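What follows is a short report on a single structure.
Both counts, for ligands and for their atoms, begin at 1 and track the order of listing. For clarity, every value in this text was computed on a predicted model and none was experimentally measured.
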Amino acid sequence: MSMNRSEEEIVRGSFRGEESLEIPVITFRGEKDGPEFTVMSGMHAGEYSGILAAQRLIDYLRITRISGTVRVIPVISTRAFMARNMQLSPVDQREVHFYGPGNPDNSYTEFQIDTLYKLLANSDYVIDMHSGEFAQALHAWIPVPIQGSAEFQRRTLSLALGYPVEHIELRRDRDSVPLLVNHLADDGVANIWAEIGKNGLPDKSHIDAHYQGLIAALQTVGNLAGEPKRPSHTFIEGSRRQVNADVSGVWHSAVKEGDIVEPGQLLGKITDYFGTVLKEYFAEERALVLYYWTSPAIDHTRRPHGYDWHSGLVSLLTIDGASDSARLGTV
Ligand SMILES: [Zn+2]
């Protein structure tokens, strides 16, 4: 009896002949037919729990028979990974998650995302693993883009149902969904991204949670045999609000990830170097704290390509109080 065929490669490219790109890809092909599923991580290269879960999946697929094709991209942003660079590309300071394919000549990041997109184009399913960067404490949750036909929405949601996290977020607003996610959905690739882990720490419980979700998703669509686990979840829906600094200084958060904040509640303060309060920040609406910046260092003027990564303080998902029971229903 033969095991899956597997092929490892480093996909290479060069942007304008100046900046090199390397993306490691391993592809497992089973003897039986089945869907094509791509698992990827390390788009944000300090989000280590996903990267280590991807390696654990590779180990498992080397010794476990599959149907169809499973492709694993353990580190998308290898230059950022090796430079220990947070969130933004070390080459051009752009945020990879916010760019789409189709403009590979425009910037290194767009070249990178275009190359990645071509690797994903034949997939039926994609899961992209994220977590909190070195400077972010993140509440574990699974955002699910709700787009396309009812059948497509059901297939997309099914990828999330095996994750051992409390919150699954149904996200209908296309403008708040990363561009690559929208492109894939438009192509009929059911895809979600998972947010588990914090502060760049390769914590075992976070790696386990990513891994358990992956195994359940692969079982759900038939790449792996077995009945997928179905832990209970709370489905949430709201709008995203990022509270940004409008002064520079030393940030002291008054909330932590997973908190529910009420209107008027103190989120935190920014002081000068000597501790004098420059500004306090308050919640305007009832909201779940998805993550907050644990780094005290805030330079609100640093906005590479307009992006507010360096001025972010708290990221919230607003919860409409009136329809709270409908929006926060445990199933
Ligand atoms: Zn990320």
Side-chain donor-acceptor pairs under 3.5 Å in residues 260-269, sequence neighbours left out?
unit_1: E262; atom_1: OE1; unit_2: R286; atom_2: NE; d: 3.4
unit_1: E262; atom_1: OE2; unit_2: R286; atom_2: NE; d: 3.1
unit_1: Q265; atom_1: OE1; unit_2: E262; atom_2: N; d: 3.0

Out of N122, V221, V189, V70, which one pairs with E36 under the side chain to side chain contact (heavy atoms under 4.5 Å, CB included) rule? N122
Inter-residue atom distance E47.CD - S41.OG, 0.5 Å rounding: 10.0 Å
Candidate list Q153, E237, Q147, test side chain to side chain donor-acceptor pair (under 3.5 Å), partner R172, passing option: E237
Anything under 30° is parallel, anything over 60° is perpendicular, the rest tilted; go ahead and classify F111 against Y108. tilted
Mutual orientation of the aromatic rings belonging to H130 and H97 [parallel < 30°, tilted 30-60°, perpendicular > 60°]: parallel
Listing protein N, O or S under 2.8 Å around the Zn ion (ligand 1) gives H44 ND1, E47 OE1, E47 OE2, H130 ND1
